[in-house]
**Q** 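To start, I am sharing the structure in question, which I have written as structure tokens.
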Amino acid sequence: MHIIEEETEHYASAKDAPIGIFDSGVGGLTVAREIMRNLPNERMVYFGDTARVPYGSKSQENIIRFSRQIIHFLRTQEVKAIVIACNTASALALDAVEQELDIPIIGVIRPGTRMAVTVTRNKRVGVIGTESTIRSRMYDRCIQEQDPEIVVFGKACPLFVPLVEEGWLKDPVTEEVAQRYLVELLRKDIDTLILGCTHYPLIRSTVAKIAGEGIHLVNPAYETAQELGRLLAREHLANTGEHNVESRMHRFYVSDAAEKFGEFANSILPYDVKRARKIDIEDY
Ligand code: DGL
């Protein structure tokens with residue numbers, strides 16, 4: 001039995017329906033924020049899997065299972081399209097779940113790689129992400145599909161996620177950790193670096209300082225919002241209402257620790273999230 005039926009709205013047309021967006025927890029709010037900024041007419045249903053975070057160290061089998069449950073939940077909310085905001089889930093589950101859906105779904109990896117392929121001049125691209133994302137080599141594959149001459153260098157940076165969640169965005173400890181992670185990549189003469197994890201745009205300035213001016217940083221969250229806009233237009237699903245969606249029209253769900261989620265959300269979104277509701281995702 002799904003306990004949140006009373007939350008479900010019915011929409012006059014598919015265009016008015018919300019976009020479903022999910023992540024392993026709070027990190028995907030960096031993608032939600034870009035969608036709010038770039039597609040202000042769209043409303044959103046966000047799900048953060050705070051009970052099962054982190055995804056970055058879990059197996060593909062589990063990530064696919066979690067993604068299926070979340071998509072099932074989002075479908076009960078009558079979403080018109082789905083964004084997998086999590087890099088790890090985009091790398092490990094998108095291929096499996098997209099075949100099962102009759103609504104559009106996008107992840108963050110393809111949009112990020114498109115920009116990287118466009119901006120690299122020396123065809124040497126670095127990617128940083130969780131252990132599972134880097135091990136999957138999905139970024140490498142997507143880039144080489146577009147340009148086989150590009151060489152991709154990956155580096156897992158698992159400590160960045162807890163540092164960001166601790167709020168140490170410009171802390172000397174974070175800088176020291178970033179130095180250690182990036183030193184090897186920087187020796188590879190890359191000219192482009194993809195921030196391949198939801199949390200990394202929040203430490204962009206720290207990474208930029210260490211990477212130096214010659215390296216172009218790619219933020220897949222921003223690129224995904226752009227790609228979503230094009231996708232909605234192409235599928236005639238863009239909300240053409242004249243007014244910006246008000247903040248209360250977005251809905252936030254989590255699988256645990258709703259209050260903590262709310263605090264983090266309020267620190268990065270342009271307005272207060274009044275309420276995040278907890279649901280039992282294992283029911284879906
Ligand atoms: N959201 C995850 C990602 O972008 C990072 C946090 C986690 O490991 O779950 O890969």
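Just so you know, ligand 1 is whichever comes first in the structure, and atom 1 is the first atom listed for that ligand. Because the structure is a prediction, the values reported are computed rather than measured. Keep in mind that the numbers below use all heavy atoms, side chains included, and drop hydrogens, waters and symmetry copies.
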**Q** Nearest to atom 6 (C) of ligand 1, what protein heavy atom do you find, and at what distance?
**A**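 Answer for atom 6 (C) of ligand 1: Ser24 OG, 3.6 Å.
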**Q** Looking only at protein heavy atoms, identify the closest one to atom 5 (C) of ligand 1 and say how far it is in Å.
**A**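 Looking only at protein heavy atoms, the one closest to atom 5 (C) of ligand 1 is Cys197 SG, 3.6 Å.
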**Q** Side chain of Thr30, backbone of Thr198: donor and acceptor closer than 3.5 Å?
**A**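 Side chain of Thr30 to backbone of Thr198: a pair is present.
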**Q** Parallel under 30°, tilted from 30 to 60°, perpendicular over 60°: which one fits the rings of Phe252 and Tyr46?
**A**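 The arrangement is tilted - the two ring planes meet at 30° to 60°.
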**Q** Could you tell me if Thr113 and Gln146 have a donor-acceptor pair between their side chains, going purely by distance under 3.5 Å?
**A**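 Yes, because at least one side-chain N or O of Gln146 sits under 3.5 Å from a partner of the opposite role on Thr113.
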**Q** Are a donor atom and an acceptor atom from the side chains of Asn87 and Thr133 found within less than 3.5 Å of each other?
**A**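 There is no such pair (donor and acceptor under 3.5 Å, judged by atom type) between the side chains of Asn87 and Thr133.
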**Q** What part of Asp23, side chain from CB on, backbone N/CA/C/O, both or neither, has a heavy atom under 4.0 Å from ligand 1?
**A**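 Answer for Asp23: side chain.
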**Q** Nearest heavy-atom pair of Ile268 and Arg33: which atoms, and what distance?
**A**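 Here Ile268 and Arg33 meet closest at O-CD, 3.2 Å.
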**Q** What protein heavy atom is closest to atom 8 (O) of ligand 1, reported as residue, atom name and distance in Å?
**A**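 The closest one turns out to be Gly56 N, 2.8 Å.
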**Q** Numbering the atoms of ligand 1 from 1, which are under 4.0 Å from a heavy atom of Thr130?
**A**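 In order of number, 5 (C), 8 (O), 10 (O).
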**Q** Strictly below 4.0 Å, N to O, side chains only: are Arg110 and Glu145 in salt-bridge contact?
**A**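 Result for this pair is yes, salt bridge flagged.
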**Q** Give me the nearest non-hydrogen protein atom to atom 10 (O) of ligand 1 as residue plus atom name, then the distance to 0.1 Å.
**A**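 Going atom by atom, the protein heavy atom closest to atom 10 (O) of ligand 1 ends up being Thr88 OG1, 2.6 Å.
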**Q** Check this for me - ligand 1, Thr198, N or O atoms closer than 3.5 angstrom, yes or no?
**A**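 N/O-N/O distance below 3.5 Å exists for this pair.
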**Q** What about Pro54: any of its N or O atoms under 3.5 Å from an N or O on ligand 1?
**A**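 For ligand 1, there is no N or O atom that lies under 3.5 Å from one belonging to Pro54.
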